[in-house]
Amino acid sequence: MTVNLSPTKFLLGCCGAAILILVYGSFAQISPSLVAIEVFATILGLFLLGSFKYRLDKNALTYGMGIVIFATFWPIWWPTSALKQSLAQEGTGALLSFFGRHFLTLHGLDHLFHADTMLFILGLTLFVCVIAQTRLLEEICFAVLNKMKGNVVPTIAILTGIVSFASGILDGVSMIGLTIRILVMILFMSRAKDDAVIYVVMVSTVVTTVCGMWLAYGEPPNLIMKANLHPHLDDAFFLRYCAPAALASYFVVAFNLRKKLKGRKVDTENMDILDAHAADVRFLQAARHGEVLIPTEFVDHHKEELGEHYDAIEKGLHRGEPLGLTLVKEKIPQTLRRKLLGLYLSDNLAEELDTHYEHAARGDKGTGDEWAAKVKRTFRSMHKDKVRAQRIGALAFIPFIGFLAWHALNHEVPLFLASFAGFAVAFTGIVLLPKTRSLALHEAKHEYMEYLFLIPLFFSISLLQKVGFFDRISDLLHHGINAWGPSHVAYVQYMGATVLSAILDNNVVADFASHALHDLELSILHLFAMAQIAGYAVGGCWTHIGCAQSVVAYAFIQREVDSGYTPVQWIKAMTPVILEICVLMIVIIYGEGMLLEFLH
């Protein structure tokens with residue numbers, strides 16, 4: 001049982017502590033090391049107060065501690081600051097100039113907390129959530145499933161390959177939410193056991209993080225690395241150094257999925273009408289109800305109405321039975337069945353669907369198909385809107401990629417223009433569908449809220465840089481390279497980033513660790529940057545809180561598959577895959593190190 005600590009009391013306590021620190025700092029010297037200790041305590045608190053019995057809202061934690069960290073930084077910085085000297089010479093005009101330069105320009109805010117990156121993530125989240133409402137991925141998925149004649153392994157291999165590619169360009173958090181729902185649908189239809197379903201959901205985190213690290217724009221930590229080490233990390237760096245590791249990691253995932261799912265098959269010739277038209281069902285759900293739910297999620301929402309039948313219905317869905325057929329088999333009253341089918345899909349189809357499943361339960365296939373034909377006609381009536389949305393969504397990639405290219409050629413062009421341009425065009429495809437439009441914006445808001453806790457952390461790390469903390473880390477790095485060589489130190493850095501990202505958030509690890517790489521020779525910097533990117537990507541998948549994708553996947557497992565699934569079970573199941581990728585990274589890092597020595 002968890003105990004939720006009061007965010008209000010914590011914030012008030014932090015304000016009180018900040019006042020005491022400011023008072024103490026006015027007559028005594030504060031060591032810069034205290035800022036580092038407070039930042040580490042904040043980062044560690046995210047893990048401890050997000051994983052065990054006592055919980056605290058992560059926004060309250062980071063914003064509260066941000067106040068304390070700034071209060072500690074102020075007495076260290078202010079006495080010798082250029083601003084204090086400027087105020088003495090120029091008066092209040094110097095303060096206005098300072099405020100305008102650092103707080104009213106994108107460049108100034110970018111130095112404080114990666115404002116351009118945070119805005120890009122916002123636009124990208126909006127863009128992907130709109131694209132998701134076109135149901136393009138479901139369309140592709142079931143086309144592949146039919147092409148593969150229902151064979152699950154090649155279908156999932158192709159789907160995860162598509163998602164791996166897309167995750168390098170689009171937001172991995174949005175991608176995993178959509179991906180795991182499609183994979184779970186296929187696995188339930190193939191009658192896969194729950195342990196296999198859980199495993200696939202878990203390794204989807206690798207697909208959307210490690211396999212997506214081939215380019216900077218899909219993963220926020222990559223954008224942070226790119227911003228911190230500009231101009232040394234460009235798109236060519238990611239394609240040259242990170243793409244091989246991403247591709248190799250994909251084959252590790254594909255190999256493990258093949259072992260887990262070998263022999264699984266979906267009977268595509270006798271597929272349920274709603275499964276066969278999955279994209280149409282979800283498009284209709286969004287347009288009519290403003291929400292998109294797979295059957296297991298839907299019955300969870302109506303658990304009280306189903307009463308004692310809930311457990312049997314849930315088991316039936318996990319065996320791959322269609323929702324309507326399960327309701328009939330469990331002898332749910334006709335009135336309730338039709339109400340639920342109307343809520344799941346559409347009121348005007350509830351009677352037809354229920355009659356279809358009644359005939360299917362009796363084995364009267366021919367008569368049932370007559371009723372199913374009416375459902376198909378409704379899907380065809382929605383086809384025009386769906387195709388229109390998909391075409392506009394596809395066109396939206398033109399301005400998105402165009403602005404990315406412009407930013408790559410001229411770094412003065414803000415990165416966030418690309419994602420907002422893509423969103424603006426894609427949004428016109430669903431703007432005339434009010435409930436779909438509201439759903440996309442609601443999902444984007446919900447997903448972006450997961451990133452807001454990072455702002456005070458990024459600000460705190462900027463303060464650490466001001467007090468010279470990263471200069472000491474850089475000195476240690478240079479000493480290690482001189483003593484042991486770049487390959488050994490790069491792999492140690494990879495393992496360090498992996499372990500840190502397993503217990504912390506990989507966005508923070510990316511921002512924190514990249515500051516120490518600035519003074520390295522370019523070729524060595526590229527090796528170390530690649531090792532660090534791979535490390536925080538792999539580590540983010542190792543635990544249930546290592547990255548945003550892991551948080552989403554773990555919550556889905558607990559909600560839809562096994563409510564008693566524990567963090568220890570997650571770590572135990574993920575460790576073999578993580579170790580295989582770590583062995584792979586030995587080959588890649590030491591291979592790059594040998595090439596580096598050869599070229600020198």
Side-chain angles (χ1 to χ4, degrees), residues 121-142 156 159-160 162-188 197-212 218-221 253 278-279 281-283 285-286 289-298 300-301 393 419 423 426 430 436-452 505-507 537 540-541 544-561 565 570:
I121 294 169
L122 173 59
L124 193 59
T125 303
L126 288 163
F127 183 31
V128 174
C129 285
V130 171
I131 294 295
Q133 300 311 319
T134 69
R135 319 326 305 180
L136 186 59
L137 189 56
E138 287 100 325
E139 202 95 62
I140 294 170
C141 173
F142 281 86
I156 290 185
L159 180 61
T160 52
I162 293 170
V163 172
S164 296
F165 177 80
S167 293
I169 306 171
L170 303 176
D171 180 18
V173 180
S174 299
M175 289 299 298
I176 195 171
L178 183 59
T179 302
I180 59 180
R181 283 167 173 80
I182 296 172
L183 294 179
V184 167
M185 282 170 47
I186 294 173
L187 293 174
F188 281 162
V197 175
I198 291 172
Y199 185 80
V200 171
V201 171
M202 290 170 59
V203 297
S204 295
T205 61
V206 180
V207 172
T208 53
T209 53
V210 187
C211 301
E219 279 296 289
V253 171
V281 167
R282 277 141 192 77
F283 192 82
Q285 283 180 329
H289 304 299
E291 63 178 356
V292 175
L293 301 171
I294 63 175
T296 52
E297 291 175 313
F298 179 77
D300 283 345
H301 279 59
S419 58
F423 162 67
I430 62 169
T436 304
R437 181 182 68 224
S438 297
L439 175 62
L441 295 176
H442 173 76
E443 289 185 346
K445 177 185 175 182
H446 178 74
E447 289 176 11
Y448 190 69
M449 292 291 286
E450 291 294 318
Y451 291 110
L452 292 180
D505 184 89
N506 62 354
N507 292 281
C541 306
H544 67 299
I545 62 164
C547 65
Q549 287 92 319
S550 294
V551 173
V552 171
Y554 183 70
F556 182 87
I557 291 170
Q558 285 202 314
R559 188 176 64 248
E560 304 303 332
V561 188
Y565 202 73
W570 174 291

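The basis for the numbers below is simple: all heavy atoms, side chains too, and nothing from hydrogens, waters or symmetry mates.
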Practice prompt. Give the C-alpha distance, both sets of side-chain angles, the deciding distance and a yes or no for side chain to side chain contact (heavy atoms under 4.5 Å, CB included) between V561 and V201.
Written response: CA-CA 10 Å; V561 188; V201 171; 5.5 Å; no

Discussion item. Let's go through R135 and V292 carefully: what are the C-alpha distance in whole Å and the side-chain angles of both, what is the deciding distance for side chain to side chain contact (heavy atoms under 4.5 Å, CB included) to 0.1 Å, and is it a yes or a no?
Written reply: CA-CA 10 Å; R135 319 326 305 180; V292 175; 3.9 Å; yes

Worksheet item: Could you walk me through whether L137 and I182 pass the side chain to side chain contact (heavy atoms under 4.5 Å, CB included) check?
Response: CA-CA 9 Å; L137 189 56; I182 296 172; 3.7 Å; yes

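Side-chain contact between I162 and I140 is present, with heavy atoms from C-beta onward closer than 4.5 Å. Within the 4.5 Å cutoff, the side chain of Y448 has heavy atoms near those of the L452 side chain. Residues I294 and V184 form a side-chain contact, since some pair of their non-hydrogen atoms from C-beta on lies under 4.5 Å apart. At least one side-chain heavy atom of M185 sits under 4.5 Å from a side-chain heavy atom of F142. When side chains are defined from C-beta on, V130 does not count as touching R437, because their heavy atoms never get closer than 4.5 Å.
Between Y554 and W570, the two ring planes are perpendicular [angle over 60°; tilted spans 30° to 60°].
Across V207, T208, T209, a single residue satisfies side-chain contact (heavy atoms from CB on, under 4.5 Å) together with S164, and that is V207.
Taking NE2 of H442 as the start and CD of E447 as the end, the distance is 10.0 Å to the nearest 0.5 Å. Atom OG1 of T436 sits about 11.0 Å away from atom CD of Q285, to the nearest 0.5 Å. We find the CG-OG distance between N506 and S550 to be 8.0 Å, quoted to the nearest 0.5 Å. Separating the CG atom in L183 from the SG atom in C141 is a distance of 7.0 Å, to the nearest 0.5 Å. Distance check, rounded to the nearest 0.5 Å: CG of L124 to CD1 of I121 gives 8.0 Å. Taken to the nearest 0.5 Å, the OG1 atom of T296 stands 6.5 Å off from the CG atom of D300.
In terms of the ring-ring contact (aromatic ring centres under 6.0 Å, His included) criterion, residue partners of F188 (sequence neighbours excluded) are, by chain and number, H318. With sequence neighbours excluded, the residues that form a side chain to side chain donor-acceptor pair (under 3.5 Å) with Y451 are D171. Applying the side chain to side chain donor-acceptor pair (under 3.5 Å) test to E443 and every residue at least two apart in sequence or in another chain returns Q133. Applying the side chain to side chain donor-acceptor pair (under 3.5 Å) rule to R181 yields the partners E297; only residues at least two apart in sequence or on another chain are considered. For F423, the ring-ring contact (aromatic ring centres under 6.0 Å, His included) partners at least two apart in sequence or on another chain are F427. Residues passing the ring-ring contact (aromatic ring centres under 6.0 Å, His included) test with Y199: none are found, sequence neighbours excluded.
For the residue pair T179 and M175, the shortest heavy atom distance occurs at OG1-O, 2.6 Å. Contact between P220 and N507 at its shortest, heavy atoms only, is CB-OD1, 3.2 Å. Between C541 and C547, the shortest heavy-atom distance links the atoms N-SG, 4.5 Å. The heavy-atom pair separating A553 from I180 by the smallest distance is CA-CD1, 4.4 Å.
The closest donor-acceptor contact from the side chain of E219 to the backbone of G212 lies at 3.5 Å or more, if one exists at all. Looking at T134, its side chain does come within 3.5 Å of a backbone N or O of I131 through a donor-acceptor pair. Proximity of a side-chain donor or acceptor of Q558 to a complementary backbone N or O of Y565 within less than 3.5 Å is detected.
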